[in-house]
Amino acid sequence: MNTDGQRLSNDEELFAALGYEPIGITSPETLDAIEGDIDVAVVASFDPRLADELAARLRIAGITAPLLVAVPQPEFLGQVVQGGAVVRYPFQPANLAHALALSLIPNTPEGTSTHPRVSSNVTIVA
């Protein structure tokens, strides 16, 4: 999710170039419109407080997919990124690809699997 429409469009293009199927939204209120499974939710914001708030709203909305939070200064994030990952924003393709690959590795009773999930729906929220 990204509240800046042009930046959201650019982010979606980057995700698509990496082989993902992004579903970009600009407001948490539009989460209900998403159909199908979400493999990873991405919150991208230049404001760490807004990123924290949006990540919390995703969890409150019942989104249980792995969470990837993107902010310019990850050290200023709060405590919301539980079970999630953090990447610097604006995105650098190699860093984003690595963070998404790690976010899509499922956990199994035997530990973390080395095989990423096949599907790749990514929701960008910020």
Side-chain angles (χ1 to χ4, degrees):
M1 173 161 55
N2 194 317
T3 55
D4 178 337
Q6 182 57 50
R7 186 161 298 278
L8 176 63
S9 179
N10 294 342
D11 290 348
E12 286 179 311
E13 288 178 19
L14 176 58
F15 280 83
L18 292 172
Y20 294 93
E21 184 181 326
I23 304 167
I25 60 175
T26 56
S27 167
E29 289 74 29
T30 58
L31 285 172
D32 293 337
I34 296 172
E35 296 180 7
D37 292 332
I38 297 172
D39 295 316
V40 61
V42 179
V43 173
S45 177
F46 284 106
D47 180 351
R49 290 171 298 194
L50 179 60
D52 273 341
E53 177 187 332
L54 294 170
R57 290 180 76 176
L58 282 173
R59 293 302 186 218
I60 290 168
I63 303 296
T64 59
L67 181 60
L68 178 61
V69 177
V71 291
Q73 297 173 306
E75 59 273 14
F76 294 117
L77 279 175
Q79 301 298 316
V80 190
V81 190
Q82 299 171 1
V86 178
V87 66
R88 232 172 249 294
Y89 191 71
F91 297 119
Q92 297 297 315
N95 293 344
L96 177 60
H98 180 72
L100 284 169
L102 290 177
S103 295
L104 291 168
I105 295 174
N107 291 322
T108 65
E110 297 80 33
T112 302
S113 170
T114 57
H115 302 289
R117 292 184 226 164
V118 175
S119 56
S120 57
N121 289 326
V122 176
T123 300
I124 306 169
V125 181

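Owing to the predicted nature of the structure, the values given are computational and were not obtained by experimental measurement.
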Hey, what do you get for [atom1] ([X]) to [atom2] ([Y]), rounding to the nearest 0.5 Å?
{"X": "I63", "Y": "R59", "atom1": "CD1", "atom2": "CZ", "answer": "8.5 Å"}
{"X": "D52", "Y": "S45", "atom1": "CG", "atom2": "OG", "answer": "9.5 Å"}
{"X": "L18", "Y": "H98", "atom1": "CG", "atom2": "NE2", "answer": "13.5 Å"}
{"X": "L54", "Y": "L67", "atom1": "CG", "atom2": "CG", "answer": "10.0 Å"}
{"X": "Q92", "Y": "L96", "atom1": "CD", "atom2": "CG", "answer": "9.5 Å"}
{"X": "D47", "Y": "Q73", "atom1": "CG", "atom2": "CD", "answer": "10.5 Å"}

Y89 versus D11, side-chain donor and acceptor atoms under 3.5 Å = yes
Nearest heavy-atom pair of [X] and [Y]: which atoms, and what distance?
{"X": "P22", "Y": "E12", "result": "CG-O, 3.4 Å"}
{"X": "S103", "Y": "A85", "result": "OG-CB, 4.0 Å"}
{"X": "Y20", "Y": "A101", "result": "OH-N, 4.0 Å"}

Assess whether side chain to side chain contact (heavy atoms under 4.5 Å, CB included) is satisfied between L68 and V43, documenting all intermediate values.
-> CA-CA 6 Å; L68 178 61; V43 173; over 6 Å; no
Contacts of T64 meeting side chain to side chain contact (heavy atoms under 4.5 Å, CB included) (sequence neighbours excluded), chain-then-number -> none
Start with the C-alpha distance between F46 and R7, add both sets of side-chain angles, then the distance that settles side chain to side chain contact (heavy atoms under 4.5 Å, CB included), and finish with yes or no.
-> CA-CA 11 Å; F46 284 106; R7 186 161 298 278; 3.2 Å; yes
For the side-chain contact (heavy atoms from CB on, under 4.5 Å) test, which of D39, L100, V40, V42 pairs with P66?
-> V40
